[in-house]
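First listed ligand is number 1; within each ligand, the first listed atom is number 1.
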Amino acid sequence: AKTAGRNRLRFFAQPLEVSAQEQLKLGAALRTAVAQHELKLVYQPVVCLRTGQVHKCEALIRWHHPERGLVSPAQFIPLAESTGAIRDIGDWVFHEVTRQLQLWQARFGPDFQVSLNVSPLQLAPGAQDVGDWVRALRTAGVAGKSMVVEITESLMVQPEAGIAARLHALREAGVQLAIDDFGTGYSNLNNLSQMDLSFLKVDQSFTRRLGQPGRDHALVEAIVGMARSLGLQVIAEGVETKEQEAVLRELGCDYGQGYLYARPMPAPELERYIARQRAA
Ligand code: C2E
Ligand code: CA
Ligand code: CA
Ligand code: CA
């Protein structure tokens with residue numbers, strides 16, 4: 001997991017024109033971002049391709065930097081991972097989603113789910129005490145099954161015993177697991193099948209090329225087939241066109257998420273979106 005964090009940082013340091021000094025400044029500002037209430041969550045609906053209904057959404061973090069304005073998570077999450085700030089940030093995300101679920105469980109019914117992104121570093125040895133999370137869910141009266149933890153495939157390549165134990169503790173509490181960005185890594189099918197996952201999220205790079213001739217159609221078909229045989233549900237990310245949606249439905253994909261339906265939005269807007277969608 002540590003190696004993955006380093007690689008990601010190296011990858012990100014190249015294309016972004018941010019000097020080392022800028023990085024240091026940003027890293028320092030990030031350490032106080034939680035305390036200064038600069039972080040917000042936005043929520044993107046996940047749509048059932050069979051019924052068109054919305055019973056799920058994904059929480060995505062936003063950082064409103066006092067001078068720079070909005071900083072993308074693609075930029076600051078790798079930085080938070082390399083400085084260790086990811087632990088406080090990840091805790092904040094978890095508690096914020098728990099608070100939101102406390103309200104939404106009653107409002108949208110017991111089947112409503114919110115997923116959150118968890119960095120591999122949060123599950124690395126000595127990092128997150130998952131027991132605190134489980135207790136927080138219980139204290140808030142939030143059913144574990146209304147929360148989905150999204151982890152990346154990189155975790156599955158060389159799963160460490162400690163990570164497996166933490167994921168298992170979450171599963172014991174009813175929390176569901178999803179593999180994010182599926183298809184971009186090299187997960188071992190055997191590890192996948194032993195993980196007690198609920199969802200596979202097909203990376204948007206595959207969705208993007210659907211509806212065009214080429215191998216990606218077959219790739220998504222293979223992913224859906226594999227998910228079926230493992231008993232998992234499939235969520236396609238980055239659905240932007242009706243054509244992509246039609247192909248995904250034809251391939252038997254369960255859910256779609258993307259700009260075709262909605263962009264990530266603040267909680268009150270999501271509430272209005274779901275109310276409108278349920279009234280229709
Ligand atoms: P991700 O988990 O793969 O999230 C999906 C990203 O795709 C989001 O970008 C979302 O806004 C964007 N997206 C959704 N629909 C479409 C679409 O139709 N077209 C396109 N082009 N993009 C779409 P965002 O919010 O900028 O997040 C980027 C990444 O940052 C996430 O990728 C995730 O890896 C990370 N991230 C976001 N929030 C958190 C968090 O709370 N914790 C951690 N550890 N990572 C987070
Ligand atoms: Ca995700
Ligand atoms: Ca993803
Ligand atoms: Ca991603």
Side-chain angles (χ1 to χ4, degrees), residues 1 4-5 8-9 11-12 16 30 33-34 38-47 54 56-64 70-98 100 113-124 127-128 133 147-155 176-185 187 197-211 223 234-245 248 255-267 269-270:
R8 271 224 254 170
L9 182 65
F11 174 73
F12 131 93
L16 268 172
L30 196 51
V34 173
E38 292 166 10
L39 302 177
K40 298 267 162 0
L41 290 181
V42 286
Y43 299 87
Q44 188 176 35
V46 173
V47 179
V54 178
K56 297 183 202 305
C57 64
E58 176 178 5
L60 294 157
I61 199 166
R62 296 291 177 263
W63 180 20
H64 295 271
L70 206 59
V71 185
S72 158
Q75 187 175 354
F76 76 80
I77 291 293
L79 190 58
E81 288 175 335
S82 72
T83 64
I86 192 67
R87 288 166 193 192
D88 282 351
I89 293 173
D91 257 354
W92 177 82
V93 170
F94 171 84
H95 288 288
E96 190 62 17
V97 168
T98 302
Q100 206 52 253
Q113 290 184 314
V114 180
S115 69
L116 61 140
N117 295 281
V118 170
S119 158
L121 290 183
Q122 289 179 258
L123 297 165
Q128 182 61 53
W133 282 10
M147 185 179 273
V148 180
V149 162
E150 300 193 5
I151 50 183
T152 53
E153 227 183 324
S154 64
L155 264 190
Q176 302 201 323
L177 303 178
I179 295 289
D180 205 355
D181 302 345
F182 189 77
T184 60
S187 39
L197 302 167
S198 298
F199 303 100
L200 282 191
K201 299 192 77 170
V202 178
D203 191 67
Q204 51 193 42
S205 59
F206 298 111
T207 307
R208 200 171 301 138
R209 285 166 285 182
L210 282 182
I223 291 172
V234 186
I235 302 169
E237 303 191 281
V239 184
E240 293 184 354
T241 70
K242 281 279 176 200
E243 289 72 29
Q244 292 166 347
E245 182 190 55
L248 288 165
Y255 298 94
Q257 179 181 351
Y259 298 164
L260 174 63
Y261 311 106
R263 296 197 172 236
M265 57 189 112
E269 257 181 71
L270 183 85

*Passes side-chain contact (heavy atoms from CB on, under 4.5 Å), L39 versus R62? Steps please.*
CA-CA 6 Å; L39 302 177; R62 296 291 177 263; over 6 Å; no
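Contacts between D180 and ligand 1, counted as non-hydrogen atom pairs separated by less than 4.0 Å, involve the side chain only. At a heavy-atom cutoff of 4.0 Å, ligand 1 is contacted by the side chain of E237 but not by its backbone. At a 4.0 Å heavy-atom cut-off, ligand 1 touches D181 through the side chain alone.
Taking 3.0 Å as the threshold, E150 does not count as a candidate ligand of the Ca ion (ligand 3), since none of its N, O or S atoms lies below it. The Ca ion (ligand 3) has an N, O or S atom of D181 inside 3.0 Å of it. Checking E237 against the Ca ion (ligand 2), every N/O/S atom stays at or beyond the 3.0 Å cut-off. For residue S115, no N/O/S atom approaches the Ca ion (ligand 2) to within less than 3.0 Å.
Side-chain contact between Q44 and Y259 is present, with heavy atoms from C-beta onward closer than 4.5 Å. Contact check for L30 versus I89: side-chain heavy atoms found under the 4.5 Å cut-off.
Applying the side chain to side chain donor-acceptor pair (under 3.5 Å) rule to K201 yields the partners E58, E150, Q257; only residues at least two apart in sequence or on another chain are considered.
Of all heavy-atom pairs spanning Y43 and A59, the tightest one is CE2-CB, 3.7 Å. Closest of all the heavy-atom pairs between A236 and V239 is O-CG2, 3.7 Å. The nearest pair of heavy atoms linking R87 to L121 is NH2-O, 4.1 Å. L177 and V148 make their closest contact through C-CG1, 4.4 Å (heavy atoms, listed as atom of the first residue, atom of the second, distance). When every heavy atom of P45 is checked against every heavy atom of V54, the shortest pair comes out as CB-CG1, 3.8 Å. Contact between Q75 and P78 at its shortest, heavy atoms only, is O-CD, 3.6 Å.
In summary, the atoms of ligand 1 found under 4.0 Å from a heavy atom of V93, numbered by their order in the structure, are 41 (O). Within the listing of ligand 1, atoms 14 (C), 15 (N) sit less than 4.0 angstrom from a heavy atom of Q44. Atoms of ligand 1 lying under 4.0 Å from at least one heavy atom of E240, given by number and element, are 17 (C), 18 (O), 19 (N), 20 (C), 21 (N). Close contacts of ligand 1 with S119, meaning ligand atoms under 4.0 Å from a residue heavy atom, involve 44 (N). Heavy-atom contacts of G238 reach the following atoms of ligand 1: 16 (C), 17 (C), 18 (O) (cutoff under 4.0 Å).
Using a 30° and 60° split on the angle between ring planes, F94 and W133 fall in the parallel class, below 30°.
Here atom 7 (O) of ligand 1 lies nearest to Q204 when heavy atoms of R62, Q204, R263 are compared. The option with the heavy atom closest to atom 4 (O) of ligand 1, from among L41, V239, L60, is L60.
Taken from CD1 in I151 to CG in N117, the straight-line distance is 11.0 Å, to the nearest 0.5 Å.
Residue Y259 has at least one nitrogen or oxygen atom sitting less than 3.5 Å from a nitrogen or oxygen atom of ligand 1, judged on distance alone. For ligand 1, none of its N or O atoms has an N or O atom of P73 under 3.5 Å away.
Closest N/O/S atom of D180 to the Ca ion (ligand 2): OD2.
The closest approach between any non-hydrogen atom of E58 and ligand 1 is below 4.0 Å. Ligand 1 does not have E81 within reach: every non-hydrogen atom of the residue lies 4.0 Å or more from it.
Angle OD1(N117) to the Ca ion (ligand 2) to OE2(E58): 90° [nearest 10 degrees].
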